[in-house]
Each structure stands twice: as structure tokens, then as C-alpha cells.
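Each remark here refers to the structure printed beneath this line.
None of the values given here were measured: they were computed from a predicted structure.
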Amino acid sequence: MATRSSMETLNLDDLTAPVLTDTQRQILDYTESRPVTFDIEAMLSEAVAAAGADDLADDDGFIGRLTAHVAAIESDTGLRQLSRSTLRARVVRKLRNRLSLVDLIKRYPEIESIPIEAPLIVVGMPRSGTTHLVNLIAEDPRRRALPYWESEDPIPARGQGPDVDGIDPRYARVKTEHEALMASTPYVAAMHDRFPEAIEEEVELLDLDMAGYVLEWHARVPGWRDFYLGLDHIRHYAYLRTVLQALTFLRGPRTWVLKSPQHAEQLGPLMATFPDATVAFTHRDPVAVVQSAITMMAYSDRLRRTSIDPDWLVEYWSDRIHRLLRACVRDRELVPAERSVDIGFHHLNGNEMPVLNEFYERAGIDIPAKVVKRFQTYIDGNRRGVKGRIPYDLKRHFGVEPDELRSRFAFYFDRFDVRPEI
């Protein structure tokens with residue numbers, strides 16, 4: 001697909017009452033005629049066949065979490081069959097990867113002795129610059145990061161390595177999926193382009209343990225939110241560390257850069273698991289975050305759901321961001337001041353080098369000239385709007401006054417240096 005001009009403003013006039021393209025209608029006509037079922041035994045059988053292994057390591061109640069995960073999906077009666085098919089494939093893929101991880105560690109038990117040394121971790125609300133910042137830091141070749149293709153399919157099945165051309169089949173699968181997404185919902189690239197090489201969140205790795213919040217982005221699952229918030233995340237972050245050890249074993253190095261908005265409400269487990277981490281917190285006007293998140297959700301929902309409910313999106317995601325920020329404000333002091341920085345969103349659009357220098361200084365890491373050059377090249381090539389400008393408009397699209405919504409977040413503005421945007 002051709003690169004969009006940075007001057008192009010994308011048309012979202014039909015955001016909450018979508019007018020589908022011929023391609024989108026053809027996709028839905030095809031998929032809606034093929035009902036999708038979530039039979040756990042059938043999904044497990046598929047995963048076992050793909051992995052060539054059958055040990056799920058269910059000594060900590062994994063099957064119970066899997067059952068809750070599937071039940072949450074089934075509870076969302078507004079999903080189209082296209083969405084159900086995508087979510088079913090995702091569950092099978094997570095199961096296959098978990099099976100392959102157990103099998104890998106059985107064969108190479110030294111994996112669990114690999115140190116994950118002093119990671120750099122980016123924490124912040126969704127849509128607050130965390131993706132931009134982690135991709136920027138990943139330009140440092142001394143750092144190990146998690147590209148999207150690997151986050152989706154982290155552990156290769158036995159015998160499923162790169163082909164004769166050196167192309168990993170996992171990469172090829174994700175590339176094909178990305179191309180299909182761009183053909184069906186092309187504006188996604190301007191909102192949050194998860195192309196195969198883009199650096200992604202390790203929350204996808206937590207879902208090998210069915211212990212992440214990410215399902216909330218795929219379906220309307222308040223029951224899963226409540227279940228997830230009630231889990232013992234010390235245990236699940238320890239599992240995340242094990243997955244990182246396995247990935248380090250497979251292709252190193254062990255000096256990681258990580259990021260996820262989920263960490264904002266799990267700072268205790270995060271720091272218990274990575275006590276020598278240095279953390280960068282990104283901060284943005286929560287109203288702009290909600291506006292950006294629900295615009296992206298509404299646009300994606302034209303294919304994912306039978307209808308779009310703007311009021312539900314506003315209510316749910318305002319509450320969800322509120323919960324994230326309450327937990328972040330409550331637990332911010334768990335991250336030592338000498339090993340953390342707070343970065344305003346306004347610093348992440350061409351003025352990143354000063355905050356990046358401060359972050360690296362807190363981590364005790366130098367930045368050689370060749371790395372500075374890589375950083376600046378990335379900054380220059382990834383300014384906001386380079387893939388098209390989105391006409392975000394909370395009032396016009398969702399009927400909400402920004403100041404009215406902002407009043408819920410006074411506690412956050414009181415704690416951090418945050419600039420109102422809307």
C-alpha cells in the first residue's frame with residue numbers, strides 16, 4: 001500500500017455510523033456465513049498437534065484462567081464471526097506457544113538460569129507515546145526488543161525454524177495478516193501501525209499465561225477485566241520473566257527494552273520481578289488518551305462488531321484509564337526516583353534527545369555517537385502524522401465535552417506535569 005502523505009487528513013465522518021467499502025462488505029459476507037465455536041478441548045487438540053507437545057504446565061490453575069478467558073469472549077454477543085475467528089486463532093496460538101515453551105525448557109533447563117539484566121522499561125497509558133518511545137530506544141543495537149511478529153508467536157514449534165531463504169515462518173504469517181489488515185481497515189496505520197518489525201508490548205507474552213489485560217482491546221469483556229485484576233500478578237510477571245529468558249536463549253541478547261500500559265497498574269509485580277530496571281513513565285492528557293483510544297476502537301469495530309456504541313466506548317475506556325492512572329499514582333513511589341524519569345507527551349514529537357539522555361543517565365548507560373545518530377534518524381522519520389493525520393474530535397464523534405471528562409482526572413494532573421491538549 002502506498003505511503004500516506006504526512007499532510008493528508010483522513011476522513012472519519014462515518015466513524016460511529018460506518019459506510020463500508022466493497023472490500024469490507026465482501027469480507028463480512030464471507031466470514032458471517034461461517035460460525036465460529038470456542039470448544040476448549042478442540043482448541044487444545046489443535047495446539048498440541050501444532051506444537052508436537054502436550055504439557056501445558058497447569059500446576060497453577062492455567063486451565064481455569066483459559067476457561068475464564070474463553071467465557072469472557074463468549075459473553076460478548078456483539079462480535080462478528082470475523083472477530084470470533086480472529087480471537088479463536090489467537091487462543092490456539094497462545095496455547096501452542098505455551099506448549100512449545102514448556103517443551104523448550106524441558107530440553108534446555110539452563111534457560112531458567114539466564115539473567116535478565118537491568119531492563120529499560122517504558123510505562124504509560126495507551127496512546128501516550130509508549131510505542132514511539134520503545135521503538136526509539138530499540139534503535140540502540142545493544143538492546144533486545146520484542147518485534148510484533150515475535151510477540152504474536154514467540155516460541156517456535158519444534159522443527160519450525162527459518163526456511164531455505166532464512167525467513168522465519170512466524171514472521172511470514174504475521175506479515176500476511178498485517179497485509180490483510182491494511183487492505184480491510186487502511187486507516188489503522190495512521191492510528192497504531194503494528195507492522196511485523198515494529199516493537200510491541202510484552203503483554204502479549206503474559207497472555208501465554210492467560211494473565212494480561214489485552215483482551216479488553218479485542219472485545220467488550222468487563223468480566224475479564226475484573227478477573228484479571230483479581231489475579232496474583234507476582235506469579236504471572238515471574239512467568240513473563242521466564243518467557244523473556246527463553247527468547248534470550250533463542251536469539252539474545254539479554255539487555256531488554258520493554259513496554260506496556262498494563263505495567264502502570266502492576267508496578268508492584270513489575271518491580272518485584274525486575275528490581276534493577278530503569279523506568280520511563282510517559283504522561284499525557286487523559287482526555288486526549290481516551291479520545292485517541294476510542295476513535296481507534298470505533299474505527300476497528302466497523303468490521304469487528306455488529307454495531308458501534310459510542311456511549312459504551314466513552315464510559316468503559318474513561319473508567320479503564322481512570323483505573324490505570326489511580327494505580328499508577330498510588331504506586332509510583334515503588335520505582336526509585338534515581339532509576340526513573342517522567343516524560344511529557346509534548347517531548348515526544350521531535351524533542352526526544354534531552355529526555356532520552358536523562359533516561360540513559362539514570363540507567364548508567366552511555367550513548368555512543370553512532371547510537372545518537374540512529375536515534376536522531378528515527379526521530380526525524382517518525383514525527384507525529386507522518387502516516388496521515390487523524391481528525392480526532394471527542395465532541396463531534398462521541399458527544400462529550402473534553403472539560404467535563406477531564407474533571408475526573410484532577411488527581412493525575414495534581415501529581416504529574418501534564419498539559420491539557422483538547
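- Within a 6.0 Å radius of CD in E358, more than 12 heavy atoms belonging to other residues, nucleotides or ligands are found.
- Partner F359 forms a side-chain contact (heavy atoms from CB on, under 4.5 Å) with one of V279, V341, L133 and no other, that one being V341.
- In this structure, the side chains of I105 and Q245 stay at 4.5 Å or more apart for every pair of heavy atoms.
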- Could you walk me through whether D76 and R305 pass salt bridge (charged side-chain N to carboxylate O under 4.0 Å, His left out), step by step? CA-CA 10 Å; D76 186 350; R305 308 193 63 79; 2.7 Å; yes
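- Within 6.0 Å of CD on E404 lie no more than 12 heavy atoms contributed by other residues, nucleotides or ligands.
- Rounding to the nearest 0.5 Å places NZ of K94 at 13.5 Å from CG of L99.
- At distances below 3.5 Å, at least one donor-acceptor pair connects side-chain atoms of E352 with backbone N or O atoms of G350.
- Between the NE2 atom in H283 and the CZ atom in R415 there is a gap of 7.5 Å [rounded to 0.5 Å].
- Of all heavy-atom pairs spanning S100 and A157, the tightest one is OG-CA, 3.7 Å.
- Using modelled atom types and a 3.5 Å distance limit, the side chains of D60 and Y239 yield no donor-acceptor pair.
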- Given the rule in the side chain to side chain donor-acceptor pair (under 3.5 Å) test, do T130 and T282 qualify, once you have shown the distances and angles that lead to the verdict? CA-CA 7 Å; T130 57; T282 62; 5.4 Å; no
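- Counting only distance, with no hydrogens or angles, the side chain of R88 and the backbone of F38 share no donor-acceptor pair below 3.5 Å.
- Between the side chains of S340 and R332, at least one donor N or O lies within less than 3.5 Å of an accepting N or O.
- A centroid separation of less than 6.0 Å is found between the aromatic rings of H322 and F411.
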Compile the donor-acceptor pairs under 3.5 Å between side chains in residues 68-75 and protein atoms, sequence neighbours left out, one pair per line.
| from | atom 1 | to | atom 2 | distance (Å) |
| --- | --- | --- | --- | --- |
| E74 | OE1 | R84 | NH1 | 2.8 |
| E74 | OE1 | R84 | NH2 | 3.0 |
| S75 | OG | A72 | O | 2.6 |

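- Counting only distance, with no hydrogens or angles, the side chain of R144 and the backbone of T255 share no donor-acceptor pair below 3.5 Å.
- For the residue pair E202 and H263, a side-chain donor N or O sits within less than 3.5 Å of a side-chain acceptor on the partner.
- For W317 against E216, the heavy-atom pair with the smallest separation is CZ2-O, 3.4 Å.
- With R127 contributing its side chain and Q291 its backbone, the two residues share no donor-acceptor pair below 3.5 Å.
- Judged by distance alone, with hydrogens and angles left aside, the side-chain atoms of R362 form no donor-acceptor pair with the main-chain N or O of E338 at under 3.5 Å.
- For the atom pair CG (D207) and CG (L66), the distance works out to 10.5 Å, reported to the nearest 0.5 Å.
- Contact check for Q266 versus H236: no side-chain heavy atoms found under the 4.5 Å cut-off.
- Judged by distance alone, the side chain of R158 and the main-chain N or O of G52 form no donor-acceptor pair under 3.5 Å.
- Using a distance-only test at 3.5 Å, with no hydrogens or angles considered, a donor-acceptor pair links the side chain of N97 to the main chain of R93.
- The cationic atom of R220 (NZ for Lys, CZ for Arg) does not lie both less than 6.0 Å from the six-membered ring centre of Y316 and within 45° of the ring axis.
- Side chain of Q81 to backbone of V36: a donor-acceptor contact under 3.5 angstrom is found.
- H132 and N382 share no donor-acceptor pair across their side chains, judged by distance under 3.5 Å alone.
- Between the side chain of D285 and the backbone N or O of E421, at least one donor-acceptor pair lies under 3.5 Å.
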- Message: Is there a salt bridge (charged side-chain N to carboxylate O under 4.0 Å, His left out) between E150 and R251? Walk through the geometry before answering.
- Response: CA-CA 11 Å; E150 192 177 32; R251 67 179 188 92; 2.9 Å; yes
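- The pair R142-D366 counts as a salt bridge, with a side-chain nitrogen and a carboxylate oxygen less than 4.0 angstrom apart.
- Distance OG1/T278 to CD1/I121: 8.5 Å, rounded to 0.5 Å.
- Counting only N and O atoms by type, the side chains of E361 and N357 include no donor and acceptor under 3.5 Å apart.
- Judged purely by distance below 3.5 Å, without hydrogens or angles, the side chains of E265 and Y228 pair a donor atom with an acceptor atom.
- Taking 4.5 Å as the limit, some side-chain heavy atom of L247 sits within range of a side-chain heavy atom of P154.
- When all heavy atoms of L394 and P402 are compared, the closest pair comes out as CD2-CA, 4.2 Å.
- Remark: side-chain polar atoms of T67 are paired, donor with acceptor, to backbone N or O of I63 under 3.5 angstrom.
- A distance of 5.0 Å separates CG in L356 from CE in M353, rounded to the nearest 0.5 Å.
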- Would you sort out whether E139 and N135 count as a side chain to side chain donor-acceptor pair (under 3.5 Å), showing the intermediate values? CA-CA 7 Å; E139 286 296 308; N135 276 272; over 6 Å; no
- Item | Evaluation steps, salt bridge (charged side-chain N to carboxylate O under 4.0 Å, His left out), between R96 and D153 | CA-CA 9 Å; R96 201 282 300 160; D153 216 352; 2.6 Å; yes
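- Distance check: F62 CZ to L95 CG gives 5.0 Å after rounding to the nearest 0.5 Å.
- A heavy-atom distance below 4.5 Å is not found between the side chains of Y213 and L229.
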